[in-house]
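Written below as structure tokens is the structure these notes are about.
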Number of protein chains: 2
Amino acid sequence: MVKDRKDVENAEQRIFDAAVGVFLEKGYDGARMQEIAERAGINKALLHYYYRSKERLFKQVFVSLLSGMISNLSNALEGSMSFEEKLYIFSREYIGFLQHNPQMPIFLLNEIRLHPQLLAEAAREMNLPQILKMYRDEIFHALGNKNLDDMQQLHSIVNIISLLVFPVAAQPVIQMIFNIDNDTYSRFLNERKTIVPNAVLQIIE
Amino acid sequence: MVKDRKDVENAEQRIFDAAVGVFLEKGYDGARMQEIAERAGINKALLHYYYRSKERLFKQVFVSLLSGMISNLSNALEGSMSFEEKLYIFSREYIGFLQHNPQMPIFLLNEIRLHPQLLAEAAREMNLPQILKMYRDEIFHALGNKNLDDMQQLHSIVNIISLLVFPVAAQPVIQMIFNIDNDTYSRFLNERKTIVPNAVLQIIE
DNA sequence: GTCTATAACAGGATAGAC
DNA sequence: GTCTATCCTGTTATAGAC
């Protein structure tokens, strides 16, 4: 089980990596087992040998993407900084992550929309509730110092996420409507790494 | 061509209505011509008689949904009210519309993501550029009075749309994470009809 | 473990009767 | 216009050799 040679990645892992790519690009319904096999450089039959069915393979990919996204970001919230500091770091990290994975938000939201039970199942397989509880406690605690009631705290959190995620998720539409080239849009997103926390703090105060 | 009897809607229209429902629920790849035919109460062959192919039927549905959404909302921007007044009305109308069509944002964004050329084609078939130019002029003009440069204006517009759309689009995820029941979430969205314009004005000033 | 071959069926599309 | 029957391809999944 020596794995230090990355260029000789085993078949199971290559299949999984290929599946991540294909499912992300095409969605569950649009993805083809044939294409996953081709990208992994192996035969279709081997997919079923390792993962039994398309559905089971997809669920593993889905959980992996969702939990990867969440655990990546929870790092930004750890430590003993002030709420303001955490907000700036979180905004920078989150937009940075999304810039490297622009397809993920719509992919995840759409698959959840199509298969609502996915979210509950995924939550069971990863320790999602626990991680999210940490998020909530962390954020609510920070916001609690601002004398906001429960509903106001929820508005604040949703405001932050909305301002960070949507501009990346809707990039193609926004670029098309306002006729913006890629470089300009990239600058636009980079600016938001500080503009969003600024705006959020302004709203709360 | 008498059409005053709505209960005797002709086959072509019934097919189209059924197609809207199925495509919205399942997406292009997940939708089945068979199911559209069943919901329309006619046979599969008749789908092809009227619409030739699944792809052509889908394009008409897509354009209809996109242009319906846009033209509905442009009403809110007409008239000679102040920017502040328009902002409040627009926020109320937009969230209200989304509450009745919660599936639409993710459906549209995902189909555009899967088929980037859809947006350009749809723009050609409807008078999208013209409508959007009206939007832009209207909004930029209003924001222009606030002494904002181009990039700041773009941030403002994207902020508004993000704060309005995302909380509806991501409703299932947000409800699950924060353990919120439907009634509470509905109140939450209603509150945002005034909270969002308040916040936006606060950011701009 | 990995392959080839094929089963089994679903789904879009068309032919042709009425 | 509307239907039934059918074609034909693509797709998941499995059987079985190596």
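By convention in this document, chain letters (A, B, ...) are assigned in the order of the sequence lines, proteins followed by strands, and residues within each chain are numbered from 1.
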Counting N and O atoms only, with roles assigned by atom type, does the side chain of [X] sit under 3.5 Å from a partner on the main chain of [Y], one being a donor and the other an acceptor?
X	Y	answer
Ser91(A)	Leu87(A)	yes
Asn43(B)	Leu46(B)	no
Gln60(A)	Leu57(A)	no

Residue pair Glu121(A) / Gln117(A), side-chain donor-acceptor N/O under 3.5 Å: no
Protein-nucleotide distance (Asn43(A), atom CG; dA15(D), atom P), rounded to Å: 16 Å
Tyr51(A) OH - dA13(D) C1' separation (whole Å): 17 Å
Sugar-phosphate only, base, or nothing, as touched by Tyr49(A) at under 4.0 Å among non-hydrogen atoms: base
Sugar-phosphate only, base, or nothing, as touched by Leu47(B) at under 4.0 Å among non-hydrogen atoms: nothing
Contacts of type salt bridge (Lys or Arg N to Asp or Glu O under 4.0 Å), residue Lys193(A), not counting sequence neighbours: none
Mutual orientation of the aromatic rings belonging to Phe107(B) and Phe62(B) [parallel < 30°, tilted 30-60°, perpendicular > 60°]: tilted
Close N/O contacts between protein and nucleotides 9-11 of chain D (under 3.5 Å):
residue: dT11(D); atom: OP1; partner: Arg32(A); partner atom: NE; Å: 2.6
residue: dT11(D); atom: O5'; partner: Arg32(A); partner atom: NE; Å: 3.4

From CA spacing to verdict: salt bridge (charged side-chain N to carboxylate O under 4.0 Å, His left out), Lys59(B), Glu125(B): CA-CA 10 Å; Lys59(B) 273 188 194 163; Glu125(B) 287 191 45; over 6 Å; no
Under-4.0 Å side-chain N/O to phosphate OP1/OP2 contact, His48(A) with dA13(D): yes
Along DNA chain C, first and last positions that approach a heavy atom of chain A under 4.0 Å: dG1(C) to dT4(C)
Aromatic ring proximity Tyr185(B)/Phe188(B), centre distance under 6.0 Å: yes
Comparing Glu55(B) and Leu46(A) on DNA chain C - which has the more 5′ nearest nucleotide: Leu46(A)
